[in-house]
Asks: 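I'd like to ask some things about the structure below.
The analysis underlying the following values was restricted to heavy atoms, covering all of them including side chains, and did not include hydrogens, waters or symmetry mates. All of these numbers come straight from a predicted model, not from anything done at the bench. For this chain, numbers begin at 1 and follow the sequence in order.
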Amino acid sequence: MMDRAALRLIFLGVFLISASSQQPVKKQNVDIYSFYINSTVTSRYATNVITSRVANTVNESQEIQFEVKIPKNAFISKFRMTIEGKTYDAVVKEKEEAQQQYSRAVSRGESAGLIKSVGRTLEDFKTSVTVAAFSKVTFELTYEELLKRRLGKYELLINAQPMQPVADFKMDVHIQEKPGISFLEVKGDLSTGDLANVIKTTRADKDAWVTFYPTRGQQAKCKSCGENGLNGDLLITYDVERPNPKGEVMVSNGYFVHYFAPSDVPRVPKNVVFIIDRSGSMHGTKIHQTRLALLKILSDLDEDDHFGLITFDREVNTWKRELLKATKENLENAKSFVNEIRDSGATDINAAVLAGVDMISRHPREGTASILILLTDGDPTSGETNIERIMANVKEAIGPKFPLYCLGFGYDVNFDFLTKMSLENGGVARRIYEDSDADLQLQGFYDEVAVPLLTDIQLKYTGGTNLTKTSFNLYFNGSEIVVSGQITDNSVESFTTEVIAVSKGNNVTYQETVMTKDPSDVPPENEDVMQRLWAYLTVKQLLERQVLLKGQEKEEEMKEALRLSLKYQFVTSLTSMVVTKPQEGEVEVADKPKEGGKDPRPPAPGLSVHHLSTGRFSLHRSSHHGRVSHPKSKSAPPAVRPRFQVPTVSSNRFLLPAAGQSKPLCFDVPVLHKLKLLQDSASEFSMNGEFTTRRKGFRKIAFHFKTNHHLTINTKSIKFQDGQNHVEFLWDQAPSQHNTEGVSLILRSNEVDVTMGNISVVILLHKKNGEAFLWPAVRQQPKDVSLMGILVWPFDWGWKPEDRLMEDPMSRPNAFQNREVNCGPRSETISWGKPWILNTCFINSSAVWLAVGSLDKGKAEASYEEVQGSQTPTLKIMDQEVKASVEDVTDYTLPSTPVIRCWLVPFQAVMQKDISDFTVTKL
């Protein structure tokens, strides 16, 4: 019977950022007739339940999906499906146990896979189940999080995107705060347009209620909504009253939480040094946005602050040797310096940070707070490049004196390194997303640390045990210190809290006796909130500390984090969620994503694991016929074609960035080949690659430059021959560098930078499931070089540099103002100052690219148009209409392997030549 044939489906904490490009659910086949979001916030601890009720409205079984977006810092704690009156509850288990279950599923030939994602604010939970004809399914997901106070407010973010208008849609939020609610505001996409009037807010002294009950018709009337229904966020911001400067203590069932956020203390003047990466990888938008942010930050310094500016590439450049007072004259001079920051060279992080430490250490000022802020977008490539030695040097230099905050710009940055270096030195790391608002992200981070109020904060609790973190370097205005723990003796009627800190050089103490039997602390229905809050905060801090610990201490803290995750059914990086459901022949696997992390386990045979540009994932189960394979059984449901048909991909997938488009292009190389990756006949340069036998990346890549320079890279070693001289490196050796005439090789962990002439390429070594493969990346196309090969598009076939229409937009902008260029049947007008646009046209049967209004030099990207009104997705590429499908792919050109959603198009449509034009007989 169906129950007897049920298989287990493993979910491992699935938080994944979402894109809104998924095809809508067809209303005539699936009816989401009820969608409830219920959020209860008690003492800043939010418990959120999303319930979706769906009906299969056709006379056959079909797959029904459930997909919701949740905050990145949340832990899933419950998932349930109810089908035909039977409930299937998920159970959180140790990841190793789930691994065994995963392996057994693979050995039985069942569909299995692993997905990961990194994201910005939201992550995506997604699954599906086969539902019989005219039957219903109820999905219920619970997630929990402790709201964090930033810039004087808490933020509760709720996303709603049911994928179709829902007849019965309800969102209920209830906030309970013992000290009272000082202000409350509702913002977000779902509060715009006609929907603004649907939101109802009710306030009482200690409670607030927000309800959102849009009708089916109203669900298409927000700025991001449409015929597919609601699509957006509701952002509820609030703060609490703070009548007691000693803080607020909540007690319930032997657990307590202490919120400490005094505002009645004077600000502490600060000494702040900004350490800015100006290496070549910061070229273009990154350095421009950094300048904008610094100019705004300098304007916000108080006159009693002191500051310093350090820029670095392979060399370190200090604006002034000493810290200067933030006078009007000094700030104006500093802004002039910032405006002149230009990108060039390599990255010497070690020397730059040590210079910042030295600048602060040489000018100690009593009664001040010192802060170092490092902004970088890459790995150390100059000076000291060993990450462990850099961290040791910085830790020795800083000691316990002041914190180091590390801001990692973009995804192509070693964020683990920055995280560990920050934590070792009392700070935090923050990723700055490479987007149009990057300057605002930088300013936002600075605003959080702009006003220090207390330093050297220690919190003590007489009668408390199993405490979360109790020692903090700095407390900033608008933030909050949170400590939770257990009360050692439940029979006592009170216990004591004590906070010792330094305010402007003077010791201050906050002491309070707390009654443990106060019945008004927590309402009866939320008596376990304090215990779950304590568990949540403890697990978060234990996992964060893992990067700092070694040996026995690390193992013990990991065991404790695992124990608590299992006890409270939290899906974390150490646990997996397992659910049994009535669907034969299928096991799906997903991991809670780690920021910039790698897949801890490989995809199983027969499953394509695809990724989206904004981080959402989907699993496409595929057999040889591209559909789910069920063992034959009289009671088994019929095989159901997945909603999105995906062909089996048995080749490498290449990405082409697309200018001004939401998704890049991608294409598959049809068969196994030795490929011409890059070639420039003018400089006698070529780079060829050979696929692995499993069609997973390249097993070997060979470079040839001029007549006597030959470089061969495989998954074991890097061999360079320069005439009669031979040099060999191993991938696992220490970072190394080799330079000879016109050739530079820089070997780092799993990456080698190759420069031959003015052509630079990065070769990355990826390791997955015991297998290793290479992948090449061209970070920036060189100027005055006509490259062709499978890694560049468009091509300059047969063009000499002097024939190029536009070599350098910055050199002669006026020469191209409103100039018309004959491109065969059409003309293009170049107007200087327009946004970044790339057009492709044909001149003398050769493709050239026109950079319109861009100051970025030599960056070739694909250009296409989406054809509207077509029954199937169609793109217009080079005046040719081609069928396309939206697919997901891992971008192996970056060490962090982010996920990208792309338009998959035929090889010849995008490359405009046959595969034979890009193959070679020998490397």
Asks: Please lay out, stage by stage, how L404 and V394 fare under the test side-chain contact (heavy atoms from CB on, under 4.5 Å).
Replies: CA-CA 9 Å; L404 167 65; V394 172; 4.0 Å; yes
Asks: Under 3.5 Å, side chain of Q441 to main-chain N/O of Y433, donor-acceptor pair present?
Replies: yes
Asks: How about V483 and F260: do any of their side-chain heavy atoms sit closer than 4.5 Å?
Replies: no
Asks: Do V449 and P403 have side chains that approach each other closer than 4.5 Å (heavy atoms only, starting at C-beta)?
Replies: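 Counting from C-beta outward, V449 and P403 never come under 4.5 Å.
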Asks: Is the closest side-chain donor-acceptor distance between S370 and N271 under 3.5 Å?
Replies: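 Side-chain D/A pair, S370 to N271: present.
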Asks: Using the side-chain hydrogen bond (donor to acceptor under 3.5 Å, both in side chains) rule, take K335 and S299 through it: C-alpha gap first, then chi angles, then the decisive distance, then the call.
Replies: CA-CA 9 Å; K335 290 177 183 178; S299 297; 2.8 Å; yes
Asks: Hey, is K153 close enough to E185 for a salt bridge, meaning N to O under 4.0 Å?
Replies: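 Looking at E185 together with K153, the answer is no, because their closest N to O distance does not fall below 4.0 Å.
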Asks: Can the ring centroids of W319 and F274 be said to lie less than 6.0 angstrom from one another?
Replies: no
Asks: So which atom in G383 and which in D348 form the shortest heavy-atom distance, rounded to 0.1 Å?
Replies: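 Smallest interatomic distance, heavy atoms only, reads CA-OD2, 3.7 Å.
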Asks: Flag the pair L548 / K420 as yes when at least one side-chain heavy-atom distance between them is below 4.5 Å, and no otherwise.
Replies: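 The answer is yes, as the side chains (C-beta and beyond) meet within the 4.5 Å cut-off.
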Asks: For L407 and F445, what are the C-alpha separation, side-chain angles and deciding distance, and is it a side-chain contact (heavy atoms from CB on, under 4.5 Å)?
Replies: CA-CA 9 Å; L407 306 180; F445 169 81; 3.8 Å; yes
Asks: If we ignore hydrogens and angles and just use 3.5 Å, is the side chain of T385 paired with the main-chain N or O of T381 as donor and acceptor?
Replies: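 No, because the side chain of T385 does not come within donor-acceptor range (under 3.5 Å) of the backbone of T381.
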Asks: Which one of H283, M282, R291 satisfies the side-chain contact (heavy atoms from CB on, under 4.5 Å) criterion with R342?
Replies: R291
Asks: Determine yes or no for a side-chain-to-main-chain donor-acceptor pair under 3.5 angstrom, with Y892 supplying the side chain and L764 the backbone.
Replies: no
Asks: Can you check whether K469's main-chain N or O pairs, donor with acceptor, with Q541's side chain at less than 3.5 Å?
Replies: yes
Asks: May I ask you to check whether over 12 heavy atoms, not counting those of K504, lie within 6.0 Å of atom NZ?
Replies: no
Asks: Taking the side chain as everything from C-beta on, heavy atoms only, tell me whether F337 gets closer than 4.5 Å to N317.
Replies: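 Yes, their side chains come closer than 4.5 Å.
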Asks: Run the numbers on I310 and T318 for side-chain contact (heavy atoms from CB on, under 4.5 Å), then give the verdict.
Replies: CA-CA 4 Å; I310 295 175; T318 56; 3.7 Å; yes
Asks: Using modelled atom types only, decide if a donor and an acceptor are shared between the side chain of D437 and the backbone of L440 within a distance under 3.5 Å.
Replies: no
Asks: Has the side chain of D358 got a donor or acceptor atom that lies under 3.5 Å from a matching backbone atom of L354?
Replies: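 No, because the side chain of D358 does not come within donor-acceptor range (under 3.5 Å) of the backbone of L354.
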Asks: With side-chain hydrogen bond (donor to acceptor under 3.5 Å, both in side chains) as the test, would you mind laying out the steps for S279 and T347 before giving the verdict?
Replies: CA-CA 6 Å; S279 62; T347 310; 3.2 Å; yes
Asks: Looking only at atom types and distance, does a side-chain atom of H766 sit under 3.5 Å from a main-chain N or O of W775, one as donor and one as acceptor?
Replies: no
Asks: Does atom CD of E322 have more than 12 heavy-atom neighbours from other groups under 6.0 Å away?
Replies: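 Counting neighbours around CD of E322, more than 12 heavy atoms of other residues, nucleotides or ligands fall under 6.0 Å, so yes.
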Asks: Go through it in stages, so that I can follow the logic: the residues are L474 and I371, the test is side-chain contact (heavy atoms from CB on, under 4.5 Å), and I'd like the CA-CA distance, side-chain angles, deciding distance and then a yes or no.
Replies: CA-CA 10 Å; L474 288 167; I371 304 170; 4.1 Å; yes
Asks: Determine, for D239 against R149, whether the closest basic-nitrogen to carboxylate-oxygen distance falls under 4.0 angstrom.
Replies: yes
Asks: Contact between K296 and Y446 at the side-chain level, heavy atoms closer than 4.5 Å - yes or no?
Replies: no
Asks: Would you say NZ of K554 has more than 12 non-hydrogen atoms from neighbouring residues, nucleotides or ligands within 6.0 angstrom?
Replies: yes
Asks: Please answer whether the main-chain N or O of D888 pairs with a side-chain N or O of R901 as donor and acceptor at a distance below 3.5 Å.
Replies: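 Not confirmed, R901 side chain does not pair with D888 backbone.
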Asks: Tell me, do L323 and F307 make a side-chain contact under 4.5 Å, heavy atoms counted?
Replies: no
Asks: Which heavy atom in V539 sits nearest to a heavy atom in T572, and how many Å separate them?
Replies: CG1-CG2, 4.0 Å
Asks: Can you sort out the partners of D377 under side chain to side chain donor-acceptor pair (under 3.5 Å), two or more places apart, ordered by chain and number?
Replies: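 D377 satisfies side chain to side chain donor-acceptor pair (under 3.5 Å) with S281, K286 once adjacent residues are dropped.
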Asks: Would you find more than 12 non-hydrogen atoms of other residues, nucleotides or ligands less than 6.0 Å from H363 atom NE2?
Replies: yes
Asks: Give a yes or no on whether a salt bridge exists between D313 and R278, defined as a side-chain N under 4.0 angstrom from a carboxylate O.
Replies: yes
Asks: Evaluate the side-chain proximity of C902 to L655: yes if any heavy-atom separation is below 4.5 Å, no if none is.
Replies: yes
Asks: For E448, does the CD atom sit with more than 12 other heavy atoms under 6.0 Å from it, leaving out its own atoms?
Replies: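 Enclosed: over 12 neighbouring heavy atoms sit under 6.0 Å from CD of E448.
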Asks: Can a donor-acceptor pair be found, under 3.5 Å and without considering hydrogens, that links the side chain of R431 to the backbone of G410?
Replies: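 Answer holds: yes.
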Asks: Have a look at D304 and tell me which of K325, K270, R267 forms a salt bridge (Lys or Arg N to Asp or Glu O under 4.0 Å) with it.
Replies: R267
Asks: So, S263 side chain and A261 main chain: donor-acceptor pair closer than 3.5 Å or not?
Replies: no
Asks: Measure the shortest side-chain to side-chain distance between D416 and V547 over non-hydrogen atoms and say whether it is less than 4.5 angstrom.
Replies: no
Asks: Under 3.5 Å, is there a donor-acceptor pair linking the side chains of Q458 and S471?
Replies: yes
